[in-house]
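This report concerns only the one structure given below.
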Amino acid sequence: MQPDIAATPEFTFKVAARDGAARTGAISMPRGVIRTPAFMPVGTAATVKGMYPEQVRALGADVVLGNTYHLMLRPGAERIARLGGLHKFMNWPHPILTDSGGFQVMSLSQLRKLTEEGVTFQSHIDGSKHVMTPERSVEIQNLLGSDIVMQLDECVALPCEDKVAEKAMRLSLRWAERCKTAFGTHPGRALFGIVQGGAVPSLRVESARELAAMDLKGYAVGGLAVGEPQEVMLAMIEAVEPHLPQEKPRYLMGVGTPDDIVEAVSRGIDMFDCVMPTRAGRHGQIFTRFGRMNLKNAKHAEDPRPIDEQSACPAANGWSRSYLHHLVKAEEMLGKMLLTWVNLAYYQELMADLRGAIAAGRLADFIAETKEGWARGEP
Ligand SMILES: Nc1nc2cc3nc(NCCc4ccc(CCO)cc4)[nH]c3cc2c(=O)[nH]1
């Protein structure tokens, strides 16, 4: 178990060491500490799918992500508040970051109408009508008791025309101001701004500088991991990084594969979230230090070896590839659970190794060794 390094009444971020643009440090707040670089398992409907909260904690996660869009539709933000808030509701007493709903409304709901005021939409669950404004998004995240609140923003799919990216970026800046006003001051909690601007460096710089002037407690880079090639994503991070405050956390939303993460860490990103490890695990695809493996593949059918006997994760060293192949083919619950566990454990191990490599000033070597391991493939 990780020592609960001193939680603090004030939300603070301290960089402990740097290696090039990369940083390692810790964000502390009343509910605990987030060691950075950090990966946040996604707990969309108030659960990290297929995992017990203690299990998620034991593999090293300091924070999980919740989704305003899903929880407002089911079971409802006011209901969760009446029951004591999201931490109590889901038995996760550690930090929770909640996304604001903008991205999910645009990617999941039906019959959406976007105006300056906000976005009206119909629930993808039962077709009920809803309005999401910057003020309502902040209110919902406060009702949930979120420790890190994300601004409501407009995320455009890529590729898109520059003027479309510009319009969405400017709207997001106006919504950031409204979220800041609605959020007010909560010393132990944070409101993060979200940089937009599509794949246009000048728009990205303008968004970063305007948000930096709002003196928020952290900054996300949004509008990426929406179908663009990795080099475009990395170019946008490079464009934005020099204009984000050095002393505040940077969060790259929706990212990503292990390769995305190591490349973004080396460019100065501190926080990540992605459904990849949990969703891929449920489909038999795993991430290991030997690279990716698909346990549906017939080559595992009679392989008696565990996934990785050197892994600390019981799911990676306690069952045979043959058994896991069987569970995946049979679409058994236990297969989804064990491979989710394998993936989240690998992601947290990677984050811990990245933190150590940055602290030791050997990030470039670590990344090279890690990529060699992925390229070598499974033994
Ligand atoms: N508020 C806000 N939230 C976001 C969430 C995001 N999530 C992504 N990408 C997720 C991409 C993604 C989706 C599915 C899978 C699983 C595939 O098996 C992996 C990655 N980009 C994102 C951008 C934003 C954004 O600008 N604003």
Side-chain angles (χ1 to χ4, degrees), residues 19-23 36-42 65 99 103 107 153 155-162 164-165 168-169 194-205 207-208 219-244 249-281 283 285-294 343-344 346-351 353-354 357-358 363-377:
D19 187 340
R23 307 107 66 81
T36 66
F39 181 80
M40 302 182 278
V42 173
L65 179 138
D99 198 354
F103 181 81
S107 51
D153 59 330
C155 170
V156 293
L158 289 178
C160 77
E161 288 176 43
D162 290 9
V164 170
M169 184 274 280
I194 304 177
V195 175
Q196 292 293 347
V200 185
S202 58
L203 293 178
R204 287 277 171 182
V205 169
S207 179
Y219 293 92
V221 182
L224 295 174
V226 289
E228 78 286 358
Q230 189 194 57
E231 57 268 17
V232 170
M233 178 180 81
L234 297 179
M236 290 308 106
I237 296 169
E238 289 172 11
V240 160
E241 195 276 335
H243 305 279
L244 292 175
R250 293 88 173 264
Y251 161 30
L252 180 57
M253 305 187 85
V255 175
T257 65
D259 189 62
D260 291 335
I261 289 173
V262 302
E263 291 298 339
V265 164
S266 68
R267 289 169 174 78
I269 299 294
D270 306 303
M271 298 164 73
F272 300 87
D273 87 275
C274 191
V275 295
M276 186 70 88
T278 38
R279 188 175 298 175
H283 293 90
Q285 294 149 32
I286 59 171
F287 297 90
T288 76
R289 58 196 172 89
F290 320 117
R292 302 178 73 152
M293 288 165 65
N294 186 336
N343 283 346
L344 287 179
Y346 178 68
Y347 267 62
Q348 291 303 332
E349 184 188 322
L350 179 64
M351 303 319 290
D353 288 349
L354 283 164
I358 296 165
L363 180 62
D365 288 349
F366 171 73
I367 291 178
E369 289 154 18
T370 300
K371 290 197 174 204
E372 274 161 32
W374 292 338
R376 215 175 303 133

**Report entry** Any side-chain heavy-atom pair of Thr278 and Pro41 under 4.5 Å
**Finding:** no
Requested in this report: Identify the heavy atoms of Gly254 and Ala225 that sit nearest to each other, and give their distance.
Outcome: O-CB, 3.8 Å
Query raised in the report: How many angstroms lie between atom CG of Asp99 and atom CG of Asp153, to the nearest 0.5 angstrom?
Result: 7.0 Å
Report task. Just jot down the side chain to side chain contact (heavy atoms under 4.5 Å, CB included) partners of Pro201, sequence neighbours excluded, or say none. Result -> Met236, Ala239
Query raised in the report: Looking at side-chain heavy atoms only, is the closest gap between Gln196 and Ile194 below 4.5 Å?
Result: yes
Query raised in the report: Partners of Asn294 by side-chain hydrogen bond (donor to acceptor under 3.5 Å, both in side chains), sequence neighbours excluded?
Result: none
**Report entry** Partners passing side-chain hydrogen bond (donor to acceptor under 3.5 Å, both in side chains) against Tyr219 (at least two apart in sequence or in another chain)
**Finding:** none
Query - Which residues share a side-chain hydrogen bond (donor to acceptor under 3.5 Å, both in side chains) with Gln285, sequence neighbours left out - result: none
Query raised in the report: If you take all heavy atoms of Phe287 and Pro277, which pair is closest and at what distance?
Result: CE1-CA, 4.4 Å
Query raised in the report: Looking at side-chain heavy atoms only, is the closest gap between Leu252 and Arg250 below 4.5 Å?
Result: no
Requested in this report: Taking the side chain as every heavy atom from C-beta outward, state whether Phe103 and Met253 have any pair of such atoms under 4.5 Å apart.
Outcome: no
Query - By side chain to side chain contact (heavy atoms under 4.5 Å, CB included) - contacts of Asp260 (at least two apart) - result: Gln230, Met233, Val255, Thr257
Report summary line: So salt bridge (Lys or Arg N to Asp or Glu O under 4.0 Å) across residues 363-373, not counting sequence neighbours, yields Asp259-Lys371, Glu263-Lys371, Arg362-Glu369
Query raised in the report: Would you say the side chain of Val226 lies within less than 4.5 Å of the side chain of Cys155, judging by non-hydrogen atoms?
Result: yes
Query raised in the report: Can you list the residues that meet the side chain to side chain contact (heavy atoms under 4.5 Å, CB included) rule with Ala208, with sequence neighbours excluded?
Result: Val195, Val240, His243, Leu244
Report summary line: Residue pairs meeting salt bridge (Lys or Arg N to Asp or Glu O under 4.0 Å), one or both in residues 270-280, sequence neighbours left out, come to Arg23-Asp270
Report task. Could you check if a side-chain atom of Trp374 sits within less than 4.5 angstrom of a side-chain atom of Val262, using non-hydrogen atoms only? Result -> yes
Report task. Ignoring hydrogens and angles, tell me if any N or O in the side chain of Ser207 forms a donor-acceptor pair with the backbone of Arg204 under 3.5 Å. Result -> no
Report task. Return the minimal non-hydrogen interatomic distance between Ala22 and Leu363, and the atom names on each side. Result -> CB-CD2, 3.4 Å
Requested in this report: Please round to the nearest 0.5 Å and tell me the distance separating atom CD1 of Ile261 and atom CG of Leu350.
Outcome: 6.5 Å
Requested in this report: Just jot down the side-chain hydrogen bond (donor to acceptor under 3.5 Å, both in side chains) partners of Thr288, sequence neighbours excluded, or say none.
Outcome: none
Query raised in the report: Do Val265 and Ile367 have side-chain heavy atoms sitting under 4.5 Å apart?
Result: no
Report summary line: All heavy atoms of Ile237 vs all of Ala264, minimum pair found to be CD1-CB, 4.0 Å
Query raised in the report: Listed by chain and number, what are the ring-ring contact (aromatic ring centres under 6.0 Å, His included) partners of Phe39, not counting sequence neighbours?
Result: Tyr347
Query raised in the report: Just wondering, do Arg289 and Asp353 contact through their side chains at under 4.5 Å, heavy atoms?
Result: no
